[in-house]
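The chains referred to below are lettered A, B, ... by the order of the sequence lines, with proteins before strands, and numbering in each begins at 1. Since this is a predicted model, take the numbers as computed values, not measurements.
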Amino acid sequence: MSPYVVVAAVVVVGLLLFVAAMGARRLLAPSAPTRAKLTTYESGVDPVGQGWAQTQVRYFVYAFLYVIFAVDAVYLFPWALVVRSSDLGAASLVEIGVFIGVLLVGLVHAARRGLLRWV
Amino acid sequence: MSEPTKPQPANPASSNARPARRSSGGAVPGILKGLATTARTLARPTHTAEYPDVSPHLPPRSRGVIALLEENCTSCMLCARECPDWCIYIDSHKETIPATTPGGRDRQRNVLDRFAIDFSLCMYCGICIEVCPFDALHWSPEFEYSELDIRDLLHEKDRLGQWMPTVPPPPALDEHAAEPAEVAAVNKPPRTARTPTARPARPTRVTPAPEGEA
Amino acid sequence: MTGADALEVVVRAVAVLAAFLVLPLLVGQTEHKVMAHMQGRLGPMYAGGFHGWAQLVADGVKFVQKEDITPAAADKGVFRFAPAVALVPYLVAMAVIPLSPDVVAADAPAGAVFVLAVTAVGILGTLMAGWASANKYSLLGAMRAAAQLLSYELPMVLAVASVCLAAGTLSLTGIAHAWSPWWLLWQLPGAVVFLVSAVAELQRPPFDMPVADSEIVFGAYTEYTGLRFAFFLLSEYAGIVVMSLLFTVLYLGGWQGPLSDQLGWLWTVLKGFCIAVVVIWLRVAWPRLREDQLQRLAWLVLVPLALAQLALTGVWVVLTA
Amino acid sequence: MTGLDLAFAAVGVVAAASGLLAVTTRHVVHAALWLVVCLGSVAGCYLVLGAELVALVQVLVYVGAVVVLVLFALMLTRAPIGPRAEISTSRLHRALAAVLGAGVTVLLASVLLPLAHPVDRHETDTTVLSRELFGTWVWPFEVLSLLLLAALVAALAVSRVGARSGDVRDGAARAEAELRTARGDAS
């Protein structure tokens, strides 16, 4: 039996936990909504404008860097399985070294551009 | 990489935290110091007072509540008039005491009908206690008189009197303190014949007395 | 699948759920107490009698009875479902972490990658919560959280890859089997990187910029009340449990220790508990980092350090293989 | 019908349904979230078919990272919550898209369904996959790093404008531009 069957069961159990907890809340918690209670919280003053707003582009750079490097990093895991083999070990070390080295150029590039600095 | 933020030192928000870090002896010692301090506190006994279970140890002059010694009150209204937020209410009427000796004069005295302090207004400044010439008001360390309704914090004279037994005795005088003015006046050596040495000293000895009384 | 198999699956899943509901409470109570004593306080003393042991149970009961408010401006469906998305990944992650070779709910062949992948999904819960609240604080908090989680996920992935490399397997049980005390020195930089990234992933102080209560109230969770809010808190503490146990399995040899045949699971739990205490300790000892410091630490310190560790591990393994 | 068939059908149906919802929902962010469900269930498909590492990479990279990137992109736009006229397609376009989608589905189904048979599960050992990757397919693997580098540099070049000019100046520039268009409208 695959361990992933258990994983799937755990996902189901987790969702059941959420549903059951919400059921318990429905039974036990009061519900008395008022207009003021349902307004957006802005430290006590009436909300100004909409909650959805454009945000800084900066965050986008980090997300992009992560995507690139995550794609890079997932190849390290298969590498872990072959690095001890006599025929592929040393060769794969060089291969992965080149692979990461090329991407490191990108990180250095980003750092030199000043994109990793906040201010 | 061009530097658009040239006047950086003028802008404290954008300047790095580096100078501050240097003053604390570097990042790593600072980090370790934080860990060491918290670990040391963990090993030491705590400071928490478990209040409802263990009664707190109050300092001798703590201001808990104002107690009233009703016999001393002459309804002179000084306290009520000096109170910054007007939280003292006094009602009184005059009573005539017939003369005790035949042909003597009838005397009048104030009888206190009501003395109340609204502790929802009181700000515990203690001015009423300071101004009372007859020592009718006293600080009591009693502080557990909360109420569920704010209107119940208006306490009448019988309740104020109940706190009187909790008033601590006045602290003993410091043994090196100057004598109270009255005592000094009584103990003053009787006037003797004028001597040339005593003369310049007298004015300086007389002047402190009125200051002490004031 | 036969009936016996089905029963086994159910028993395993329920056991994971039980651990998920008990261990975070233990960590939470430890946090109450350790934090209090580190600040010269006593912490909760009344609920349950002895030193307030039932404080978190009482909190749970209280949370269930609180009114659940969905703001009028919110995107209702996403808002209501976000706590589940934040919570379930940690539950699933807990399923594959072995306490001992026998005490493991699902011994996945690629357990190390699995835990990383699953915890990465947890970001979505925060992001959904922050976006669906239609609140400016929440949106700011969600953006910060997502940026931080992404930035620290990378050094963590690299550090775990280094361990996998050292062990030559992706299975968590295999890694703990391959562990030897020499790893304590050899994998030390990776361990530090992992611990720092784990604390940052959990958004715990000093990396709690996304919820910085003095600036953006409570970040993505500002609009949440009652049980849904409690679910976010539970997911944070479940996260501490998952990360501490993962650290134990990866860097401290899991169940290895005296009498590991009988008491292996106890060793894992004890070591994990010590790591959890360290995580709590960091919260008490250090102030919050600024957003720019956070990102600089991740990209200019942790990533190069993790890559150096990776190079060290790779070269050493190839040389000694 | 085995349990594997059932599992595959289940995740497949979830993937298809969530994919459909992703393209038909009128909330941009909901579309991204349905995409998460879709990608996650595709990972489930991989898992059922025995490709463990591929499934986990799918979750780690796509669900964890790409979707966060998509959501970031949405948040950088104005992320409207309700149906909005300027981004909604017209009825005609929608009808055409539905016809086209249905046509492609029928075409694919008519080609693929005759080939369908019970799930053929190759339990792909991750070690075998690794050997292939670092032995046979090493050149594509190395070229991939160059591709990623090119993508990174290009993306940084694109996002550089916004990242370098600070918020204040950015906002000022935008306000200025708005002012200019307003004046242009008025004149």
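With a 4.5 angstrom heavy-atom cutoff, C/L87 touches chain A only via side-chain atoms. Both the backbone and the side chain of C/E153 have a heavy atom closer than 4.5 Å to some heavy atom of chain A. Both the backbone and the side chain of C/V64 come within contact range of chain A, with heavy atoms under 4.5 Å apart. Looking at C/V88, only its side chain comes within 4.5 Å of chain A, counting heavy atoms on both sides. Contacts between C/S162 and chain A at a heavy-atom distance below 4.5 Å are absent for every atom of the residue. For A/L27, no part lies under 4.5 angstrom from a heavy atom of chain C. At a 4.5 Å heavy-atom cutoff, C/L294 makes no contact with chain A through either its backbone or its side chain. Residue contact with chain A, scored on non-hydrogen atoms closer than 4.5 Å, involves the side chain of C/L307 exclusively. Only the side chain of C/F114 comes within contact range of chain A, with at least one heavy atom under 4.5 Å from a heavy atom of that chain. C/A84 touches chain A through backbone and side chain together, each having a heavy atom under 4.5 Å away. When heavy atoms are compared at a cutoff of 4.5 Å, C/E67 approaches chain A by way of both its backbone and its side chain. With a 4.5 angstrom heavy-atom cutoff, C/V315 touches chain A via backbone and side-chain atoms both. Interface remark: C/V317 contributes side-chain atoms only to the contact with chain A (heavy atom separation under 4.5 Å).
Taking each heavy atom of C/P24 and C/L234 in turn, the nearest pair found is CB-CD1, 3.8 Å. Heavy-atom minimum distance, C/A73 versus A/T40: CB-OG1, 3.7 Å. Minimum interatomic distance between A/A80 and C/L165 (heavy atoms only, all atoms of both residues): CA-CD1, 3.4 Å. Contact between C/A129 and C/A82 at its shortest, heavy atoms only, is N-CB, 3.7 Å. Across A/F99 and A/D72, no two heavy atoms sit closer than the pair CE2-OD1, 3.2 Å.
Annotation: C/Y224 is in aromatic contact with C/F79 [ring centroid separation under 6.0 Å]. If you look at A/Y41 and C/F218, their ring centroids are not closer than 6.0 Å.
Chain C forms the most heavy-atom pairs under 4.5 Å with one residue out of A/L17, A/V11, A/L15, and that residue is A/L17. For the set A/A73, A/A32, A/A70, the count of heavy-atom pairs under 4.5 angstrom toward chain C peaks at A/A32. With respect to chain C, the highest number of heavy-atom pairs below 4.5 Å among A/G97, A/A8, A/A21, A/P78 belongs to A/A21. Between chain A and the residues C/A147, C/A110, C/A120, C/A161, the most heavy-atom pairs under 4.5 angstrom are made by C/A161. If you tally non-hydrogen atom pairs under 4.5 Å between each of C/V217, C/V10, C/L149 and chain A, the highest count goes to C/V217. When each of C/D107, C/L154, C/I69 is checked for heavy-atom pairs under 4.5 Å with chain A, C/L154 comes out on top. Options A/V12, A/L76, A/L104, A/V67 differ in how many heavy-atom pairs under 4.5 Å they form with chain C, and the most are formed by A/L76. Between chain A and the options C/V14, C/L310, C/V96, C/L158, heavy-atom pairs under 4.5 Å are most frequent for C/L310. Among C/A311, C/A230, C/A167, the residue with the largest count of heavy-atom pairs under 4.5 Å with chain A is C/A167.
No hydrogens or angles considered: nothing links the side chains of C/N135 and C/T222 as a donor-acceptor pair under 3.5 Å. Checking C/T169 against C/S171 by side-chain atom types alone, no donor-acceptor pair falls below 3.5 Å. Side chain to side chain, C/S197 and C/E201 fail the donor-acceptor criterion of an N or O pair below 3.5 Å.
Checked against side chain to side chain contact (heavy atoms under 4.5 Å, CB included), A/V71 has the following partners two or more places apart in sequence or in another chain: A/Y75, D/V61, D/L148.
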Considering only distance and modelled atom types, tabulate donor-acceptor pairs under 3.5 Å from the side chains of residues 138-146 of chain C, sequence neighbours left out.
unit_1	atom_1	unit_2	atom_2	d
C/S138	OG	C/G219	O	3.4
C/R144	NH1	C/M209	O	3.1
C/R144	NH1	C/E215	OE1	3.3
C/R144	NH2	C/E215	OE1	3.2

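For the pair C/Q295 (side chain) and C/S151 (backbone), a donor-acceptor distance under 3.5 Å is absent.
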